[in-house]
Each structure stands twice: as C-alpha cells, then as structure tokens.
Protein chains: 2
Amino acid sequence: MPDSPPPPSGPYAPLPNSASHAPPPYVRRLSLYLRMLEQLTDKGVSTISSKQLGDHLGLTDGQVRKDFAHFGQFGHPGVGYRPPELMRQIRHILGIDRPWNVILIGAGNLGRALASHKGFAGRNMHLRAVLDSDASRLDEEISGLKIESIDRLQDVVAQTQAQLAIIAVPAIAAQGVCDAVVRSGIKAILNFAPRLLTVPCEVSVSNVDLAQYLEQLAFQLHLGEK
Amino acid sequence: MPDSPPPPSGPYAPLPNSASHAPPPYVRRLSLYLRMLEQLTDKGVSTISSKQLGDHLGLTDGQVRKDFAHFGQFGHPGVGYRPPELMRQIRHILGIDRPWNVILIGAGNLGRALASHKGFAGRNMHLRAVLDSDASRLDEEISGLKIESIDRLQDVVAQTQAQLAIIAVPAIAAQGVCDAVVRSGIKAILNFAPRLLTVPCEVSVSNVDLAQYLEQLAFQLHLGEK
DNA sequence: ACGTGTGAAGTCGTTCACAGCG
DNA sequence: CGCTGTGAACGACTTCACACGT
C-alpha cells in the first residue's frame, strides 16, 4: 500500500523557545514517552500520572514532570496527564505533526526490510524513493517504489523534497554515499552501515550500529556474572 | 558461510574493578572508540593521540583521556595510543574478547537482514539459531541455520548456550516472545519490535526503534530551520 | 617539546520537597 | 486529598590545567 500523496513543504507552527535549548536527554525521552503513550492508549487508558508513566519506563515521577515542564504545561493538577493531549504536544515538539520525506539508499536485505517497515507512517515519516548502485536491481519494485540509480540522487532529492536519508549500503560504500547525500542538500542522515561517517557540522547523523548494541549488552552480562 | 564451532562457556579473564562502576556514558563511548580505531587501523595508522581520536568523534582530547584512564593506563606519554593495544584493551573491558552466543527470533524481512549481517562475527557475536512462529517458514535455511519453531525455544537456548536474544517479530507479538525469552533464562535482549518491553530488572533490554531515530533527526531539522 | 594521567573546578542533569491548583 | 509545576540541593559528567613521563 503506497503512502498518501506527497506533502508540500512550507511554513508550520512554531516551537516554544524552550525547545531550542532543551537538554538532549529530555528530547530523547520525549520519543520514549510517545511510544509508551501509544501503547497505553491502545489499552484504553484515559488519564495517567507522572508516577505511573515513570514506573513503566524506569524513571522517577519527578523526572517525568521535569521533562514535560521544560516544554510547557501539559498536565492537570490532581488529575494527571491526558494521553491524547500529551501526545499531540510531544508530536508538535518533535516536529512530527507535519510530514517528512525520506529516501532510502541501499536495496539489499536491510534496505528492503526497512522499506517494508510499518510504523514510519504513524510518525509522519514517508518513504518517497529507494536508490541503489547495483544496475541489476534497477526498476525492481520495493513497497510500491521503483528502485532508482544512485546517480539520480540529486534529481530524486529535488523531486521528492526529501529532508531525510537512510543509508543502508555496505560499509565500504557508506562514506561515498554519505558525501553524495550531503552534496544533495540533505541535512539529516540515519546510517545503518557499520561505519562512522564524517559530515559537515550542519548535518545531523545518527548511527545505528547493530554490533554496538550487542556489545553494550555483552558488557552488562559480563558485569552481572561475577 | 557458517560460524566457527560453538565456543564453550567457562571462566574468563576478570575485569578491572573500575569497570563495575563505570559511568554509562564511558561504556557507550568505548564502542565508539573501538569502531573508529578499526577504521583507522584499516588506513594504516600506527599511533594516535587523544586529540586526533577526539576530533574524529566530536569529543575533546581531555574527555578521551578521561574515558580510557578510568579503565587503566593504555597510553604512552609523548607518543599517544597504539591502536592494536588499545583495541585489545577495549575488547577485554566490553567482554568481547570471548565469544557470545546469540539467537534470533523472527525470520521476517528484518530478521533475515539481521541474520545475514556481516560484522557480528568480528565482535565475537555468533548467531547460533533462528526461530519463528510461522509454521510455513520452518526448515527454511537462513545463513546456514535451519529455522526452528518458537516452541523449541527452551531446548534451543540450552543446546546453543545462548546468552543473548535478538527479537525481530511484529509489535503485537513482541511482549509474548520477550516473556518466553526471559523464562528461558536469557539475560540480555536486543529488541527491534516497535514496542517497549517489560522485563524483570535483572534482564537487560536494548530497544532499537527505527521510527524513534527518524523522530530525533526530525527534531534537529525542525530546530535548525528557524 | 609532545602527550598522557589526574585532581580541581565547573557545568549539566537529576532528585527532592513543597507550594499551589483542581 | 492527589498530582502537577518548580526552585533548591544534590550528584554526575565534562572541562580545565598542570605535573610527569618519554
């Protein structure tokens, strides 16, 4: 099932100034709260206290309140927080109350898995194109999108108005692809290649390194053993 | 190409006591240093200063030295650090100088992509089994491993001596699978399902939520705009 | 001279405890 | 009375600056 029609980019509602200098941990936890609120809403919860929310996530009630209070007043004294309202606020702060256009580079195993991932749309993330360097894969279809040549990157970015790129190519190719993506004007990259990318400081990169997660877990086990 | 023969579990070299109460940020950065050192080694670098290493990773030289110093004395005054030596030390601290056995649950698109991911072996992470609940997928082969029924979880964990589990099942099934994994005695879980898992406190969980990464990047863009 | 290891100072984030509102 | 919002106290991580080793 293809995405909804491509959204125009343009002016959107502004953010409370507080968001500009929000501590990174606060912003990271907003995503966490949002996910948990979605799950609680599925269960039919209509009101939730900072204590309850915190218990589910391993945080103290005070911390939950501090996090929200930094961005505004979203709660109701004596009552708690109302999930629909709170979720709307969080989505607004994170900037996902408006659509974002995403392109995917790399149509290997991982790329295909990412392309077919449900759940991007629910966060207003819309996959607009899939690119690959392997000529034998061109014109194949992945979740409704024809695979395009990596050489067409500039055109594709212009046509799709993409703001985010996902890199899912082999490690050896990652930096080259990254450089091309940066040249295309994209300012945010999600990198799945097991390689640390070098980018100009105005570009945001998030590295998802699978081995790294296992490593960190191994360390935990390692400690717990003695 | 299948993994090397299953390693025995048993006693391994101990960790400096300092590692037990290491600040979590220090431990996370060890993985980062390791990845960067691998890349630098590929380029033939034989010695590196805290300044150079920090510049590559966006950290100050002081911080790099503090991080390493917490775990021991790995540097050479007037010279810098020697990558092979330093990497050996980091691998030891993280506990990846010994093999770990991993099982994968979920043989969908993402599961297959993860199973075929090169680069686990280089971190001493060895995939020993793939399980799925879909009967139609049983006995299929994924990177040399026959898919087993999820019902055989307990047996598989016992036979493979698995210490880590990767969950790559649909969101709706994730908590159920997680509970079964916990019952099997596994103490570390890497979760790719877009769902926050509830586990007993002695179990470590790491959630890799794809939408969450895009969200955080969207926030960065959102800010940079105005 | 160059670069590490390290206490001391500073900054940032978390916890606490309570005032105030529903 | 329950629960939020918030300043003040606390603790944790980072930065700084310098002594020491090569």
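- Look at CZ on B:Arg29: it is 12 Å from C1' on D:dA12, rounded to the nearest Å.
- Qualifying side-chain contact (heavy atoms from CB on, under 4.5 Å) partners for A:Lys66, counting only residues two or more places apart in sequence or in other chains: A:Tyr26.
- Neither OP1 nor OP2 of C:dC16 sits under 4.0 Å from any side-chain N or O of A:Arg65.
- Here C:dT11 presents its C1' atom at 17 Å from NE2 of A:His21, a figure rounded to the nearest Å.
- When the C1' atom of D:dT4 is taken as reference, atom OH of A:Tyr33 falls 14 Å away, rounded to whole Å.
- Rounding to whole angstrom units, CG of residue B:Asp61 and P of D:dA17 are separated by 12 Å.
- Among the nucleotides D:dT14, C:dT15, C:dG13, the one closest to any side-chain atom of A:Thr60 is C:dT15.
- The distance from atom CG of A:Leu59 to atom C1' of C:dT14 is 11 Å, rounded to the nearest whole Å.
- The side chain of A:Tyr26 lies closest to C:dT14, out of D:dC3, D:dC13, C:dT14.
- Residue A:Ser50 places no side-chain N or O under 4.0 Å from the OP1 or OP2 atom of D:dC3.
- Salt bridge present: A:Lys51 and A:Asp55 bring a charged side-chain N and a carboxylate O closer than 4.0 Å.
- One atom, CG of B:Leu53, and another, P of C:dG3, lie 13 Å apart when rounded to the nearest Å.
- The closest donor-acceptor contact from the side chain of A:Glu202 to the backbone of A:Lys187 lies at 3.5 Å or more, if one exists at all.
- A straight line from CZ of A:Arg28 to P of C:dG13 spans 10 Å, rounded to a whole angstrom.
- Between the side chain of B:Gln163 and the main chain of A:Leu221, no donor-acceptor pair closer than 3.5 Å is present.
- When each of B:Leu153, B:Ile103, B:Val203, B:Asn101 is checked for a side-chain contact (heavy atoms from CB on, under 4.5 Å) with B:Ile186, only B:Ile103 meets the rule.
- Of the residues in residues 66-91 of chain B, those with a non-hydrogen atom less than 4.0 angstrom from any atom of DNA chain D are B:Lys66, B:Pro77, B:Gly78.
- Between B:Tyr213 and A:Tyr213, the ring planes are tilted. Angles from 30° to 60° get that label.
- Note: A:Trp100 and B:His222 have perpendicular aromatic rings, judged against thresholds of 30 and 60 degrees for the angle between ring planes.
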